[in-house]
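Written out below as structure tokens is the structure these notes cover.
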Amino acid sequence: MSYRLGVDIGGTFTDVVLEGPEGLTSTKVLTTYAAPEDAIIDGLQQVCAKAGIDAGQISQIIHGTTLATNALIERRGAKTALITTEGFRDVIEMRTESRFEQYDLNLTLPEPLLPRQSRFTVAGRIDAKGQELVPMDRAGVAAVVAQIAKAGYESVAVGLIHSYLNDTHEQMVRDVLAEMLPGAMVSLSSEVSPQMRECERFNTVCANAYIKPLMKSYLGRLKGRMAEVGAGCPIFLMHSGGGIISLESAAEFPVRLVESGPAGGAVFAATLAQRFGLNKVLSFDMGGTTAKICLIRDQQPKTARVFEVARTYRFKKGSGMPISIPVIDMVEIGAGGGSLAHVDAMRQIRVGPESAGSEPGPACYGRGGANPAVTDADLVLGKLDPDNFAGGSIRLDDAASATALVQVIGQALDMDADTAAFGLAEVVDENMANAARVHAVENGEDLADYTMIAFGGAAPLHAGRLCEKLGVKRLLVPEGAGVGSAIGFLRAPFSFEANRSVYMKLSDFDAGRVKTLLAELAEEATGFVRSCDADAPIGREYKAYMRYTGQGWEIPIDLTEVQAKAPDAATFQRLFEADYTALFGRPVAGLDVEITVWAVNAATPKVIVSQVDDFSMAGTAKVGSSRNLFDPALGKRMNASVVLRGDMAGATIAGPAVVTEDETTIVVPASRMARGWPDGTIELITQEGQA
């Protein structure tokens, strides 16, 4: 019998899910920061014991991790040098000169990942059409490499101007590095991110080089530790674009692992959308450190090719390091169970972005945390059972939560513990609701037409209130919601997206060049997928990023395989105008259209899930006990029914209620009622007469 393991390392918990013929077996263990593989081994042994199998029976491990992201945020990478073209040494420090806080006179721009003394320049120049303007002097490159060798750099990023069109100069630099500095790891921008815009491309290759030694070491240790406990099966990694790549590819391009955990969650939500036949879904993933919100249209998560990491103003767009790799497009805010609260100079309650994580954790964990976190507020408001948190593995101290809330918030604002907890919870819920509103507006969507899917350990606690704030009438909480991202890893296809910048106007459209380019990208992407699965059928998706001449940013246009193999300007124009009109209301007459980036994603077939059929309710769910629950919409405590999730199959319960399980808790507000679907999903809908 075949077993597969999904592992998600988060900021607070490491989630482990074992999938076999009998179904899913899961557990949550606290993340071990010093050696993340220790938590994985602990979780693996727990789920194997529960399932009654040996580790040797596992045939495949799929892993997502925040290790790459945390290394960039905390600046814990290798000693890294950048080799770039003369005149471009300061690109990553100058950025794009945009101000993310327009009127802040004391604005502090993010420090570049590599300081100026670690950035070196070489002569030689490629122009915007890929032609050599100034030849590269090998002796000059050798002199620069000698300086790098003398300074003891472990990793080298190479980012030369316009190398995405012609990489011969970058290849020469790599050859010299291989001769003179064979022990160093090398990353070329023409391989890591062959796209236009130097700031994004140089930052991406610097980030890849910076975390490459760390990730190679970690992945090597993980493979060795797994073999030690008998799990010598292949290990694959979830990448930020929502697919799976081999361990070897992940070690070579670790920057693609940034945001891998949240990507698994989006795949999990998309799978549920497919099961319920939903075309408009708001994915809501709230864990211990952050909350992630993603729009899923037609059962596909929205994707992008640039995002930010390590923001100075952590959740302020424009304040971070731009990374140009394929990524599932989502908004992330500091609103996890471990997010800490404080009172600012304006006597307002603020939550995050600082998090208690797993060490020491919220005050109620009893591990030394003194400041109140979101979990402390949830406990005081009656959302959590202190004796059965995380399946009873962690005993929560409600007195410690109340003390922390009073000391940090209550004393500053003259509040008791209940009021302080209410204020904290409302602030964090409104932060998440506002982020969802902004994300929807930016994408031209009305959330009233959407169904929310909530997962992650903390999301079901807050999703009902979020639906009230957003006017979303339907909420689904799937089985296994507490470990949703890890389950998503097991549902993701093997995939890889290859992209390249080749600038072209529709007025100068070269069909032959486009056909050849897309064929080359398809071959490259397919090769990566073949390295993971040599026999599976592979499908391809084609995209062109287009804009009107003079505009600063592009929109992605989907192409069919037929359109990619027989391209013509009229078809591209029609597709662009249709998508542009959908986003902005109307096309712009009289302007030429230009294409800047081409992309091909190769993937194995998606997991096809059978749709669930509607059913007749068996009656009201069996109520095990009751709990004193605070309902924020009504501003008062109410007697709430407590129901085990296992007793919800085919049954209903009216709010206020709490549906409990080992890995999370679903709070049903007074305005909602819950019903259990045959597949284990809990659905919350508005009660009659409620908004």
Side-chain angles (χ1 to χ4, degrees), residues 68-75 88 90-116 119 159 193 195-207 210 240 255 258-259 262 289-295 302-325 327-336 339-340 342 344-346 348 350-355 427-428 430-444 545 547 550-555 583-584 596:
T69 309
N70 292 342
L72 292 172
I73 292 172
E74 299 166 12
R75 303 296 172 99
F88 291 85
D90 299 317
V91 164
I92 63 172
E93 188 163 357
M94 293 166 63
R95 299 167 55 85
T96 59
E97 298 187 354
S98 63
R99 293 176 61 86
F100 51 88
E101 284 287 0
Q102 188 70 27
Y103 303 106
D104 184 353
L105 299 179
N106 299 312
L107 181 67
T108 302
L109 291 172
E111 289 292 322
L113 186 62
L114 306 182
R116 198 167 198 270
R119 308 194 296 258
S193 178
Q195 301 182 50
M196 61 185 283
R197 296 192 172 95
E198 298 85 52
C199 178
E200 289 85 350
R201 181 161 54 91
F202 290 0
N203 269 300
T204 305
V205 73
C206 286
Y210 188 71
S240 58
V255 74
V258 177
E259 296 296 291
T289 306
T290 57
K292 283 77 65 175
I293 294 165
C294 175
L295 297 177
K302 188 177 183 297
T303 58
R305 61 185 181 84
V306 178
F307 72 106
E308 292 177 9
V309 69
R311 289 174 173 168
T312 305
Y313 292 48
R314 188 174 176 191
F315 302 100
K316 183 71 175 177
K317 190 175 182 179
S319 68
M321 182 192 313
I323 302 292
S324 56
I325 57 171
V327 63
I328 289 179
D329 187 21
M330 61 184 73
V331 60
E332 183 180 46
I333 60 173
S339 295
L340 297 173
H342 66 278
D344 68 9
M346 299 294 289
Q348 295 178 324
R350 300 293 184 188
V351 182
E354 296 81 10
S355 174
V427 167
V428 78
E430 186 57 36
N431 285 348
M432 293 186 292
N434 193 51
R437 293 185 194 106
V438 171
H439 192 52
V441 168
E442 288 177 344
N443 288 278
Y545 289 83
R547 66 188 183 189
Q551 290 184 328
W553 209 252
E554 308 83 19
I555 61 173
L583 274 174
F584 302 110
T596 60

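Computed over heavy atoms, backbone and side chain alike; hydrogens, waters and symmetry mates excluded.
For the pair Q195/E200, no side-chain contact is recorded, criterion being any heavy-atom separation below 4.5 Å from C-beta on. The shortest distance between side-chain heavy atoms of F307 and M330 does not fall below 4.5 Å. No side-chain heavy atom of H439 sits under 4.5 Å from any side-chain heavy atom of K302. Residues V255 and I325 are in side-chain contact: their nearest non-hydrogen atoms beyond the backbone lie under 4.5 Å apart. With a 4.5 Å cut-off on side-chain heavy atoms, I323 and V258 do not count as touching. Within the 4.5 Å cutoff, side-chain heavy atoms of R75 are placed close to those of L113. Contact of the P110 side chain with the F100 side chain is registered, since non-hydrogen atoms from C-beta on lie closer than 4.5 Å.
Taking CD from E259 and CD1 from I328, the interatomic distance works out to 10.0 Å, rounded to the nearest 0.5 Å. Note that the CZ atom of R116 and the CD1 atom of I92 stand 11.0 Å from one another [nearest 0.5 Å]. Here C199 contributes atom SG and F88 contributes atom CZ; the two are 12.5 Å apart, rounded to the nearest 0.5 Å. In this structure, CZ on R201 lies 11.5 Å from CG on N203, to the nearest 0.5 angstrom. With rounding to the nearest 0.5 angstrom, the CE atom of M196 is 5.5 Å from the OG1 atom of T596. Between atom CE of residue M321 and atom CD of residue E111 there is a gap of 11.0 Å, rounded to the nearest 0.5 Å.
Annotation for P322 and T204: closest pair O-OG1, 4.0 Å, computed over non-hydrogen atoms. The shortest non-hydrogen separation linking G552 to R197 is O-NH2, 2.8 Å.
Of the possible donor and acceptor atoms, none in the side chain of D90 sits under 3.5 Å from a partner among the backbone N and O of M94. Here the side chain of R119 pairs a donor or acceptor atom with the backbone of L114 at under 3.5 angstrom. Side chain of S193 to backbone of S324: a donor-acceptor contact under 3.5 angstrom is found.
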*asked:* Is there a side-chain contact (heavy atoms from CB on, under 4.5 Å) between V438 and V331? Walk through the geometry before answering.
replied: CA-CA 9 Å; V438 171; V331 60; over 6 Å; no
